[in-house]
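See structure below.
This one's a predicted model, so the numbers in the text were calculated from it and none came from an experiment.
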Amino acid sequence: MSRLELLTPEGLRIDGRRANELRRITAKTSVFSQADGSAYIEQGNTKCLAAVYGPREARYRQQLQSDRALLNVEFNVAPFSTSERKKRSKNDKRSLEMATFIRQTFEPVILTKQLPKSQIDIYLQIFQHDGGVLQCCINAATMALIDAGIPMIDYVCACSAGCIDKVPVLDLNNLEESSDTPELTVAILPRTGKVNLVEMESRLHIEKLESVTELASQGCMQVHKVLDSVIRENTEYLRDRLNT
Amino acid sequence: MTTLESTSKSFEVFHRIQPHEYLRRFLEHNLRPDGRLLERFRKTLITTGSISTANTSAMVRLGGTTVVCGIKAEVCEPHVERPDQGYLVPNVELSPMCSPKFRAGPPPEKAQVTSEFIHELFTNSNIFPLESLCIEQGKAVWVLYADIVCLNYDGNILDASLLALTAALSKLSLPKAEVSESMVVEADVSNKTQVFQMNRIPIASTFCVFQEPHALLSDPNEAEESLTKETITVVMDTNGQVCHVYKNGGNSIDSSVLRTCFERGLERTKEMAELIQQA
């Protein structure tokens, strides 16, 4: 059985993209009435939904912190999101690990000191899994937090990158991820360019590390442009509604 | 002498402190707080096929309540006593994401009740013959896992869930499968059978009853649902036949009220069946 050609000699990938092309991003905010802030992001075929409740009263009194807000993240994958049905419980290790990454990413960015003794809940739901789940979740959570009006230092934009046949490629989909491609996810704060999260679980040659990270950061800036334009559009719409 | 702003604030305060009285004032004028007439159902939107990893999917928006149903078909061995029947496994998920009412932890009561309701409906009311899910008698049958995830909860999860499930089933087509000699089931995804056939299209209509003033509200939203003591759910199909009736405790009602439920339910069923066709 021949190996799938992930990158043709002409530089095209399986879905027709070039090595440094992002998948198409569609983003919407304020999709639900019950949550304080909500966002829906589609990055290629990966569909992710984020709902933010907060700041609200903490659920467990003991966890209350007198000088800052508590951040709680829950990550859930729908059973029909992968090609093989897998009913993942919310407490299994992979989901908890994802939730912890996302919580640690946002804790320094949200101005928690301004909201003492309260709790902010971020709920993430994946509807379709086609690679790049962590980056999709971080982007969706950023949009939802902004939609909820929670004060933050900056956007957090995330992007994944990998290395196929010694060529750095941007934004891997599921097929590329599962074929032994090293994958690196980077989350940055676009205004300063500072890195908030770097995550990689596979093997990557140290000589390639810099170019892959550089490519991922560039991808983050592109993502930031898309997210920013959606937020600005929504805010203008709200402003127009308020003025009439 | 109160300004407009302070008047609307006092409405909100009144709504919070005295929700029953607030609702009663509206009902006296045959209106509801969200502006609907008593018999009006909320705006319903159905979209199908948005999730490509599932065999079929449907998303339903019933006013604010949003649910997504994804159906995945898998193969398994049939029950020894029913060797030619497949299974439909509905599972409704109400996570803390959809409403602040639900807490993290084991599935809330409402989710389990709704799942069981749907399961019973499909088992007992001949919606589609379970024999149509048979691949080879005694050896392999299809199991349809229907996962219904609620994204935003604004009352009446039952109607929305059943509608999503029915819409998804109406667009389902199972791949042709056969059992080889080595007891391995081979299913050719590209070779699909015709669209899944259902005998009846069940549509649920939920109503809630208030005693003073006497009012029957169609399609209660979350606020109305939390104030009522009794709900009636009527499941009918497009031929005007009743599939399932459910009334939970509370006060006893007149038979004329039940008749009104059936009439409104029939109208609603016809509308929804057409909407499913168009989706």
**OP:** Examine whether an atom of S33(A) lies under 4.5 Å from a heavy atom of chain B, and if so say whether it belongs to the side chain, the backbone or both; otherwise answer neither.
**Re:** both
Subject >> Separation between OG1 of T53(B) and CG of N174(A), rounded to the nearest 0.5 Å >> reply: 10.0 Å
Subject >> Neighbour count >12 (heavy atoms, 6.0 Å) for atom CZ, F14(B) >> reply: yes
Original post:
Where does F32(A) contact chain B at under 4.5 Å (heavy atoms): side chain, backbone, both or neither?
Top reply: both
**OP:** Calculate, to the nearest 0.5 Å, the distance between atoms CG and CG belonging to L49(A) and N152(B) respectively.
**Re:** 9.5 Å
Original post:
Does E136(B) CD have over 12 foreign heavy atoms under 6.0 Å away?
Top reply: yes
Subject >> When S57(B), C98(B), G64(B) are compared by non-hydrogen pairs under 4.5 Å with chain A, the top option >> reply: C98(B)
Subject >> Distance-minimising heavy-atom pair for K47(A) and S50(B) >> reply: NZ-O, 2.6 Å
Subject >> Selection from R61(B), R103(B), E222(B) maximising heavy-atom pairs under 4.5 Å formed with chain A >> reply: R103(B)
**OP:** Determine whether more than 12 heavy atoms belonging to other residues, nucleotides or ligands lie under 6.0 Å from atom NZ of K113(A).
**Re:** no
Subject >> Test item: Y153(B) side-chain N/O and Q34(A) main-chain N/O as donor-acceptor pair under 3.5 Å >> reply: no
Original post:
With side chains defined as the heavy atoms from C-beta onward, is the minimum distance between I71(B) and F80(A) less than 4.5 Å?
Top reply: no
**OP:** Would you indicate whether the side-chain heavy atoms of N76(A) and M97(B) approach each other to under 4.5 Å?
**Re:** no
**OP:** Determine whether the side chains of S52(B) and Q128(A) contain a donor N or O and an acceptor N or O closer than 3.5 Å.
**Re:** yes
Subject >> Residue R56(A) excluded, over 12 heavy atoms near CZ under 6.0 Å >> reply: yes
Original post:
For S81(A), does its backbone N or O pair with a side-chain atom of K72(B) as donor and acceptor, under 3.5 Å?
Top reply: no
Original post:
So F127(A) and L151(B), side chain to side chain contact (heavy atoms under 4.5 Å, CB included) or not? Walk me through it.
Top reply: CA-CA 11 Å; F127(A) 285 117; L151(B) 306 178; 3.1 Å; yes
Original post:
Is there side-chain contact between Y123(A) and S95(B), with at least one heavy-atom pair below 4.5 Å?
Top reply: no
